[in-house]
2 protein chains.
Amino acid sequence: MTIRRLSVYTRCLLQLEEDGVKTVSSQELAERFNLNSAQVRKDLAYFGEFGVRGIGYYVSGLKAELQKILGLHREWPVALVGFGNLGSALFHYKGFARQGFRISAIFDDDPAKCNREVNGVPVLPARELGREVKARGIQIGIVAVPAESAQAVTDQLAAAGIKAILNFAPVRIRAPRDIRLKDVDLSIELETLSFYLAKSAR
Amino acid sequence: MTIRRLSVYTRCLLQLEEDGVKTVSSQELAERFNLNSAQVRKDLAYFGEFGVRGIGYYVSGLKAELQKILGLHREWPVALVGFGNLGSALFHYKGFARQGFRISAIFDDDPAKCNREVNGVPVLPARELGREVKARGIQIGIVAVPAESAQAVTDQLAAAGIKAILNFAPVRIRAPRDIRLKDVDLSIELETLSFYLAKSAR
DNA sequence: ATGTGCTAGTGTTCGTGTTCACATGGCGCC
DNA sequence: GGCGCCATGTGAACACGAACACTAGCACAT
Ligand SMILES: NC(=O)c1ccc[n+]([C@@H]2O[C@H](COP(=O)([O-])OP(=O)(O)OC[C@H]3O[C@@H](n4cnc5c(N)ncnc54)[C@H](O)[C@@H]3O)[C@@H](O)[C@H]2O)c1
Ligand SMILES: NC(=O)c1ccc[n+]([C@@H]2O[C@H](COP(=O)([O-])OP(=O)(O)OC[C@H]3O[C@@H](n4cnc5c(N)ncnc54)[C@H](O)[C@@H]3O)[C@@H](O)[C@H]2O)c1
């Protein structure tokens, strides 16, 4: 199943709830994301029978169910490794906190950047990563260091017992099989765009 | 066909070329990304017969072919809209330029940020977007403004004749059909991770 | 209490993308 | 110059996810 869509539905439901909408049909949800309504129903029915026939889905009930499925009913402490351009943009982004992701420790090898606090969050040298991650029970790590350091950082995170990694470095990194790994590669996104431009120019 | 893989191959070939490797087999490429070797061959054969039977692929030849397919043999001027946290991280990122993407105009509505130059690139108020994009022949736009402004910015980019948009705002934006649209939603990436964590904790 | 209308749930079809397995065809060695 | 090697290219099998179309069940009106 494609989990990404559940996230999209959840965000939409948050909006609908704010707008005071009580129920929503699979049809309406589908139109918002130009999907097929059967798709939406299959996605939702996979995890349980959340809907009411003849009515649709109760917005707040469905929202709560989806949040529980996605693990958004709790707070997730997150470790951010690399406090450069991208790292600090991510840190200052408010959207993560809204979904329960709290960057609760930052690690960077640059002595000029570490051993201080930013908005109450400690910036620490990478050598303290293991201890700090364990002490805080952090399960999610974000890798925002240069490509050449990404594997080393991943190894440190793995050793510290982290369970999931979001990697921004443009390299394929290796992690133990039980660690969930997700790559975000912005160059690739741009390249798919230029591919289509180059093609239609042909 | 999944274009993303072509980008991955290309980056790998760049590395191989630097390392002085002359030829590479589909098998070797596949192992690097744990893919199937038939997959690699299908991907490449789709665009032409680039390989030599019994030998594999000539690294520099294949690299050049893929770059041409992806449109990386030329420079793409890019318009960046929104010069906040994320926008400036993207602007200062060196990786895009390496693939030929050059941010050549920045637009932001905040008067404190615009009407100046950063590293020789003008930061302009959004109202000048149309003129500037046309004048510079920009075909790719990056949307890094808050969600509530994203649709308005998209409309401006569309009116200016842009052909492709990379959107970082966490909303589904609408654009004319002939504009290639790509969304990057980092919250969703984190949520897929927390989904798996929540699931295995169950 | 019964009927009608509406929308969720679901078995099946459909299409795309992946994997398998083999035949094809350059290259170099004899 | 012919022969064997080895990796490509590709048709066929397969798997997965998406779309269709039908069935089931709840709510509300009568
Ligand atoms: N900036 C962007 O917009 C952008 C876009 C796409 C991808 N990326 C990728 O994200 C990563 C970070 O990019 P950036 O622009 O923030 O780079 P940056 O150079 O600004 O920041 C990297 C930070 O990592 C720290 N660091 C280096 N090695 C470390 C280690 N072993 N342990 C801990 N910290 C270490 C450095 O001190 C620095 O502060 C890179 O891999 C880059 O390719 C960035
Ligand atoms: N910062 C991150 O790490 C991050 C991560 C994921 C998603 N995003 C998304 O990226 C977008 C930008 O995030 P940010 O953190 O950079 O926000 P930000 O508030 O730091 O920056 C937004 C910038 O856009 C400008 N702006 C607003 N409306 C505009 C308009 N109509 N025309 C031109 N410029 C306009 C503002 O002046 C500001 O400079 C948001 O949609 C956010 O949800 C950011």
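Numbered from 1 within each chain, the chains take letters A, B, ... in sequence-line order.
- Closest contact between the side chain of B:R53 and the listed nucleotides C:dT24, D:dT10, C:dA8 involves C:dT24.
- Residue contacts shown for A:G54 include a base, since a base heavy atom lies under 4.0 Å away.
- Under the 4.0 Å criterion applied to side-chain N and carboxylate O atoms, A:E128 and A:R131 are assigned as salt-bridge partners.
- Across the protein-nucleic acid pair, A:K22 atom NZ and D:dA27 atom C1' stand 19 Å apart, rounded to whole Å.
- Considering only the side chain of B:T2, C:dT18 comes nearest among D:dG9, D:dA18, C:dT18.
- Taking side-chain N and O atoms only, A:S26 has a distance below 4.0 Å to OP1 or OP2 of C:dA8.
- Nearest to the side chain of A:E49, among C:dA8, C:dG9, D:dA18, sits C:dG9.
- In this structure, SG in B:C114 is found 7.5 Å from CG in B:D109, a value given to the nearest 0.5 Å.
- Closest to the B:R41 side chain, of the nucleotides C:dG9, D:dG9, D:dA27, is D:dG9.
- For A:Q39, taking side-chain heavy atoms from C-beta onward, the closest of the listed nucleotides D:dT10, C:dT10, D:dA18 is D:dA18.
- Here D:dG11 is the nucleotide among D:dA24, D:dG11, C:dT10 with the atom lying nearest to any side-chain atom of B:K42.
- Both the sub-6.0 Å distance and the 45° axial angle are satisfied by A:R180 relative to the ring of B:Y196.
- Residue A:N36 places its side chain closer to D:dC20 than to any other of C:dT18, D:dC20, C:dA21.
- Between B:Y57 and the phosphate of D:dG9, there is a side-chain N or O to OP1/OP2 separation shorter than 4.0 Å.
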Item to check | Pair B:E191-A:L72, side chain to side chain contact (heavy atoms under 4.5 Å, CB included): steps then yes or no | outcome: CA-CA 8 Å; B:E191 286 169 26; A:L72 303 182; 3.7 Å; yes

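- Considering only side-chain atoms of A:V52, the nucleotide from D:dA27, C:dT10, D:dG9 that sits closest is D:dA27.
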